[in-house]
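Since the structure is predicted, the reported quantities are computational estimates derived from the model, not experimental observations. We count ligands from 1, going down the list as the structure has it; atoms in each ligand are counted the same way.
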Amino acid sequence: MEKAPIHNRTDILVIGSGASGLFFALKTAQKRPDLKILIMTKSNADESNTRFAQGGIAVVTDNNKISFDKHIEDTINAGGGLCKKNVVEMVVHQAPDRLKELLEFNVEFDKKSSGDWDLGLEGGHTQHRILHHKDISGSEILKKLLIQLQRMPNITLVEEHIIFDLIIHNSRCIGAYYYHNESKKIESIQARMTLLCTGGSGQIFKHTTNPVIATGDGVAIAHRAGAEIKEIKYVQFHPTALFEKDKNPYFLISEAVRGFGAYIVNNKNERFLFETDSRGELATRDIVSRAIGAEMEKQHCEYVFIDCRHLDYEKFYQHFPTITDYCRSIGIDIRKDLIPIVPVAHYQCGGIKVDMDSQTSIPNLFAVGECSRTGLHGNNRLASNSLLEALVYAHQSSEYICDKIDSVSFLDPNESEGIFSNYQYNITLNYSEELRNFKALMQETMTALFIKNTNPVEAKSVIEEILSKITPLFQKDTISLQLKELQNMLAVAELMVKEFLENNIKARAQQ
Ligand code: SIN
């Protein structure tokens, strides 16, 4: 991406460049060419959780009432009684319109030779309804949206600029502090509306499918600004990440592979999932992950396997070239070899609480995509509903903001005196051994809490101990970006632990 100058004010600030941020920006820029939109992203434009989404996007494509009802029912059944029905209905019914827009942006999904959509199946789905682009659906969406973006003169995208905190004035969000990678200073930008599209927090855990930038920044900065966070402890573990001991992130073996007919087997080559659920490999992710965890414990193994050896190789390769090639690159021939897999942290189902227009509890602050909690996913997201949620809520917030932004003004220069100069740090990129060790301890602790059900009281004391050690570092003149990132991860970890503890108190009260 070309470098663009950053002005100290923009009508709309979008933080993050995954599907939610880009789709929002494009729709809004088309509708309101008079508005300036700035997308600020932490890494490269195409580095986000969206890029790693292999499976695809769940959409009813036959316009049949029964199909819509079944998609709604499957989403609610996966969500463990915590989904909001009105939200689920809105998202499922809007899906065909959002798909149409994606197609207008030249996003391509696979078709059969008949010309019909080649719809995939994944765990928890009772019908084939997943549109996919081979096994790189997220990457295809990003690529095409980024091309469209270049055509919009009122959108500026800046890479490698990290948001430090939101600026709140008179209880409203009026912009953000960010690390300017040229001045190497923290600077401020004023915005009439701000949208957090910062993705998930998988890096809080030892192993994850999320990229290294997924450090829960949006949730942490929204929480520091006073926004309500909800259901953050519902972290979805993906049952089939490729086991490679010290890899970060873990490579995903898409759930669509099981939908295609692959088996999960233990070290004795036995299928064991039917002992837990009659759907076997096609049960929802929470059930499959737990069953794999229990089997690993029973067999004293670090992983189980996914078996593709019985599948039609030609067809498999057509659908999953990236997975097949990656396996081959590390010496696994899927025609002959079993693929070692393990459940790892994959998706944050809760987050910044938003309403149906994606508004947070802070006026003029919005959250879209994985960092938000809309009520769609409950405690366990149905596979391939995340890209759909991102598009629908990008649409909802875009409509709302286009309608309301004219009533929001920038601060008067007299009024803004002193408001935008809070941060005086110098920034270094040095990643000290001490910070690395704190991060590893946090990851170990949070992984044990989620996987081994260790006592949340112990996790609380470890997280608090690390926080007490890093807090004084913020008093120095120079801080590192990694310190800020660690502070964000710890803030999210602390929120998760707090929900675990509240849950335990509730459970005891009900006994
Ligand atoms: C997958 O392909 O299994 C991941 C996509 C998703 O998380 O929905």
Side-chain angles (χ1 to χ4, degrees), residues 18-20 48-59 71 74-75 78-79 83 91-92 95 98 109-110 118-125 128-142 199-202 205 207-211 214 234-243 249-262 264 281-289 292 306 308 316 319-324 326-327 339 341-351 369-371 374 376-392:
S20 0
S48 64
N49 269 3
T50 302
R51 179 159 81 80
F52 292 81
Q54 294 177 348
I57 178 163
V59 181
H71 189 183
D74 291 349
T75 302
C83 301
V91 171
V92 167
R98 304 292 76 83
F109 294 106
D110 292 357
D118 179 26
L119 299 172
L121 186 67
E122 295 183 4
H125 289 267
H128 283 72
R129 61 169 79 94
I130 323 282
L131 287 154
H132 64 100
H133 183 98
K134 304 198 185 321
D135 53 359
I136 48 165
S137 309
S139 166
E140 160 71 8
I141 293 173
L142 274 190
S201 56
F205 300 90
H207 299 303
T208 178
T209 55
N210 294 183
Y234 296 124
V235 176
Q236 179 171 72
F237 279 65
H238 196 295
T240 60
L242 177 65
F243 178 82
Y250 266 30
F251 182 82
L252 189 64
I253 306 294
S254 174
E255 184 144 344
V257 170
R258 297 197 320 275
F260 195 81
I264 290 182
E281 278 79 4
L282 287 178
T284 48
R285 285 181 187 170
D286 51 344
I287 294 170
V288 178
S289 291
I292 292 178
I306 195 156
C308 303
F316 187 92
H319 274 80
F320 306 110
T322 317
I323 293 173
T324 314
Y326 187 83
C327 285
I339 309 171
I341 46 122
V342 70
V344 302
H346 179 64
Y347 190 86
Q348 179 189 287
C349 297
E370 190 172 347
C371 68
T374 61
L376 176 70
H377 307 311
N379 67 8
N380 176 57
R381 172 175 66 87
L382 183 69
S384 288
N385 264 355
S386 51
L387 285 172
L388 177 58
E389 181 195 53
L391 302 183
V392 169

Visitor: Any non-hydrogen atom of Ala256 lying under 4.0 Å from ligand 1?
Guide: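 For ligand 1, residue contact (heavy atoms, under 4.0 Å) with Ala256 is absent.
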
Visitor: What verdict does the side-chain contact (heavy atoms from CB on, under 4.5 Å) test give for His71 and Asn385, after you've listed the backbone C-alpha separation in whole Å, the side-chain angles of each residue and the deciding distance to 0.1 Å?
Guide: CA-CA 10 Å; His71 189 183; Asn385 264 355; 3.0 Å; yes

Visitor: Would Ser254 count as being in polar contact with ligand 1, using the rule that some N or O on each side must be under 3.5 angstrom apart?
Guide: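 Indeed, backbone or side chain, Ser254 has an N or O that close.
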
Visitor: Main chain of Ala58, side chain of Ser384: is a donor-acceptor contact present, judged purely on distance under 3.5 Å?
Guide: no

Visitor: If the cut-off is 4.0 Å to any non-hydrogen atom of Glu255, which atoms of ligand 1 fall inside it?
Guide: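 That gives atoms 1 (C), 2 (O), 3 (O) of ligand 1.
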
Visitor: Tell me whether Gln236 reaches ligand 1 (any heavy atom closer than 4.0 angstrom to a ligand atom).
Guide: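 Distance cut 4.0 Å: Gln236 fails for ligand 1.
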
Visitor: Can you classify the ring geometry of His319 versus Phe260 as parallel (below 30°), tilted (30 to 60°) or perpendicular (above 60°)?
Guide: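 It falls in the tilted class, 30° to 60°.
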
Visitor: Against ligand 1, does Arg258 come closer than 4.0 Å with any heavy atom?
Guide: no

Visitor: Counting only N and O atoms by type, is there a donor-acceptor contact under 3.5 Å from the side chain of Asn210 to the main-chain atoms of His346?
Guide: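 Side chain of Asn210 to backbone of His346: a pair is present.
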
Visitor: Would you mind running through ligand 1 and noting each atom that sits below 4.0 Å from a heavy atom of His346?
Guide: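 It comes down to these atoms of ligand 1: 4 (C), 6 (C), 7 (O).
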
Visitor: Ignoring angles and geometry beyond distance, decide whether Glu122 reaches within less than 3.5 Å of ligand 1 through its nitrogen or oxygen atoms.
Guide: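 No, since none of the N or O atoms of Glu122 sits under 3.5 Å from an N or O of ligand 1.
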
Visitor: His125 side chain to Ala383 main-chain N or O, any donor-acceptor pair under 3.5 Å?
Guide: yes

Visitor: Check each of Glu370, Gln54, His238 against atom 3 (O) of ligand 1 and report the one with the nearest heavy atom.
Guide: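 Shortest heavy-atom distance from atom 3 (O) of ligand 1: His238.
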
Visitor: Can you confirm whether the side chains of Glu389 and His377 place a donor and an acceptor under 3.5 Å from each other?
Guide: yes

Visitor: If I take atom OG1 from residue Thr240 and atom CZ from residue Arg285, how far apart are they, to the nearest 0.5 angstrom?
Guide: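 Answer rounded to 0.5 Å: 8.0 Å.
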
Visitor: Record the part of Asp135 in heavy-atom contact with ligand 1 below 4.0 Å; permitted values are side chain, backbone, both and neither.
Guide: neither

Visitor: Going by heavy-atom distance to atom 5 (C) of ligand 1, choose the closest among His132, Arg285, Arg381.
Guide: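 Selected option, by shortest heavy-atom distance: Arg285.
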
Visitor: Distance from Leu252 atom CG to His238 atom NE2, nearest 0.5 Å?
Guide: 4.0 Å

Visitor: Any nitrogen or oxygen of Gly55 lying under 3.5 Å from a nitrogen or oxygen in ligand 1? Just yes or no.
Guide: yes

